[in-house]
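A, B, ... follow the sequence lines: proteins, then strands. Residue 1 opens every chain. Atom set for the values below is all heavy atoms of this structure, side chains included, hydrogens, waters and symmetry mates excluded.
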Amino acid sequence: MAEPKENVLMEKIVSLCKRRGFVFQSSEIYGGINGFWDYGPLGAELKRNVKETWWNTMIRQREDVAGLEATIIMSPKIWEASGHVSTFSDPMIDCKTCKGRFRADQTDEIPCPQKPSKCVNECHGEKTAPRAFNLMFQTYVGPVQDDSAVAYLRPETAQAIFAQFKNVMETSRQKVPFGIAQIGKAFRNEVTPRNYTFRSREFEQMELEFFIKPDEAIEAIHGSVATVPPTGHPGEPQPNWGWQAWHQYWVEERVRYYEGIGLSRQTLGFHIQTPEELAHYARATVDILYKFPFSKRDEKGELKGEELEGIAARSDFDLSQHARFSGKPMGVFDEELRGAWGKLPKEKQDDLWRRYYENRKKYLEKSGVETELASKQATEDANGLAKGQYIPHVIEPSAGVDRLILALIANAYTEETKTDDKGKSETTVVMKFHPRVAPIKVAVLPLLKNKPELVAKAREVYDLVRTQMNSFYDDAGSIGRRYARQDEAGTPYCVTIDFETLGEKPELLNTVTIRHRDDGKQERLPIGDLAAWLLARVR
RNA sequence: GCGGGCGUAGCUCAAUGGUAGAGCGCCAGUCUUCCAAACUGGUUACGAGGGUUCGAUUCCCUUCGCCCGCUCCA
């Protein structure tokens, strides 16, 4: 049976990644370890570049986002508040007869797949004992390994942002609306790591939690919540934006980011989560997908894509949870809201009070707080709103670094077939990375190796550019071979030092050729202009 | 976790119950005035463990890993 061409393509990409040093299997000399991958020299550069573009775009180029770098191991109470401890620890039972897997607490509700008239616990299938399925990696803090020392490697970076919300807001002197962003490792004991590095057990995330005022506060201050066109970028943030406008803003901002590093809109897909898919506290989630070779196809035969990033409107759930579990207030005081509230007509006050009360009560009841207490607490919260206090809502753009790296590699992978004068054709690989993320920005090459003047001049040029950007010097083999090697590494520019550089034609003294990776075209540039020319293109 | 397929050099592949070859790559050298030129030399492998056997890369078992399907995906 012939392999599907998608698999062939994916296998070629995997092979190139190893051959050129983008990705290696972790612990390969010991036979590998499932779900863990290392980045080789080119992959490490690529990943650094990607993280840097994100950090620049999300934090340094903005006035309203602050950075954070939290620990991987945190108080286990964080994961109780976030819900990860309970949702990760469902005991499961496998049926050896029908191969089904069921939650142990539901075997008297779920029908047997083979005999739907009976429940799973009544059918005759041979079943395993209940086994805990905890997708969090567990460890012990301190040398004594007892229950009190249990801790977890974080399954997402987001929770640290919520836990440090107050500290960051205070020290960064930010006011809502503002964001906190973080890049870091996360760990999930995935049942089935699959698709190369796409679903790994150790991976890196780039997450932003952008805190906004609840719509009731916006309405109190501005009279109404802004409506924005249902598609497209809503433009510069406005004070009267509610969660919908902010959500859409971040979806579009993130798409622009992907376009800026070489993933065009056509290579991306979008998935708007349905009400059934949404977590109960989430109001909307849009997933940005990349169409990988291994992605499934829809009814029309179009690639659907796999999730690179999810942009979720998570209401005030997360901060509320941490407020409840830690006993520390997570609300903010809003001078503008307090001032505006007093000027509202009574009916408007009552309306906003009631809506905020209902939302808070719904949250508390969903969280298992008994009705009477929930009503009391929600009343306090709504009274707080009237005094200018609220728990911020949050928009969460959460991206997987390693998934993005794989998308960039798959997107860059291009085969080109050249036929020489003798009719012999040869296929070469060109990695067409955007210059901003390309691992090597420029290769410096003497035209010939056995001419000391060329080599000396090339070393000089190399020393000039290497201080500015990641550069590579190569004098081994023919010039065409060296170009081809750089094509596989995805180097956008090759600088060649030839006899004209040395003054064979006096008017070209101290000029070099710049060869473009994607079309092979060359242009000539004075050495003095080289660094600036390159920097303008790789930043 | 279940079922199926697979595992030989850096990569792609070959052969064999008597310890393995090729192409490409890579390294060194000669040469080479712009897209994997040529020549010379060199480099590197039977995923791991156990069993059967006089002898195992080959047969059997276990294990690890990869691919496909199912399951899972907060």
Using a heavy-atom cut-off of 4.0 Å across all strands, would you classify [X] as base, sugar-phosphate, or nothing?
X        : answer
A/Arg482 : nothing
A/Phe36  : nothing
A/Glu28  : nothing
A/Thr496 : base

Would you please confirm or rule out a distance under 4.0 Å between OP1 or OP2 of B/A37 and any side-chain N or O of A/Arg481? yes

Examine B/G10: is either OP1 or OP2 under 4.0 Å from a nitrogen or oxygen in the side chain of A/Lys18? Give yes or no.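 So the side-chain polar atoms of A/Lys18 never come under 4.0 Å of the phosphate oxygens OP1 or OP2 of B/G10.
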
Given [options], the nucleotide with the shortest approach to the side chain of [X]:
X        : options             : value
A/Asn34  : B/C34, B/G29, B/G65 : B/G65
A/Arg20  : B/C66, B/C26, B/C70 : B/C26
A/Lys418 : B/U32, B/C26, B/C35 : B/C35
A/Asn450 : B/G10, B/C31, B/U71 : B/C31
A/Gln25  : B/U32, B/G65, B/A36 : B/G65
A/Glu426 : B/C72, B/U33, B/A36 : B/A36
A/Val191 : B/C34, B/C72, B/G69 : B/C72
A/Arg199 : B/C73, B/A36, B/C66 : B/C73

Determine the Euclidean distance between corresponding P atoms of B/A45 and B/A22; express it in Å to zero decimal places. 14 Å

With heavy-atom distances below 4.5 Å as the criterion, would you say the side chains of A/Thr513 and A/Ile497 are in contact? no

Less than 4.5 Å apart, any side-chain heavy atom of A/Phe433 and any of A/Thr491?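 Side chain of A/Phe433 against side chain of A/Thr491, heavy atoms only: no contact under 4.5 Å found.
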
Main chain of A/Asp316, side chain of A/Ser320: is a donor-acceptor contact present, judged purely on distance under 3.5 Å?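 Checked: pair present.
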
Is the backbone N or O of A/Pro435 less than 3.5 Å from a side-chain atom of A/Lys441, with the two atoms forming a donor-acceptor pair by type? yes

Need the pair for B/A22. Rule: Watson-Crick or G-U wobble, both distances under 3.5 Å, any strand; none if unpaired.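 Across all strands, the one nucleotide that pairs with B/A22 is B/U12.
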
Under 3.5 Å on both distances, the Watson-Crick or G-U partner of B/G3: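 Per the H-bond distance test, B/C68.
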
Test for a donor-acceptor pair under 3.5 Å between the base of B/C34 and the side chain of A/Thr513, counting only N and O atoms. yes

Whether A/Arg515 engages the ring of A/Tyr483 as a cation-pi pair (distance to the six-membered ring centre under 6.0 angstrom, angle to the ring normal within 45°) should be assessed. yes

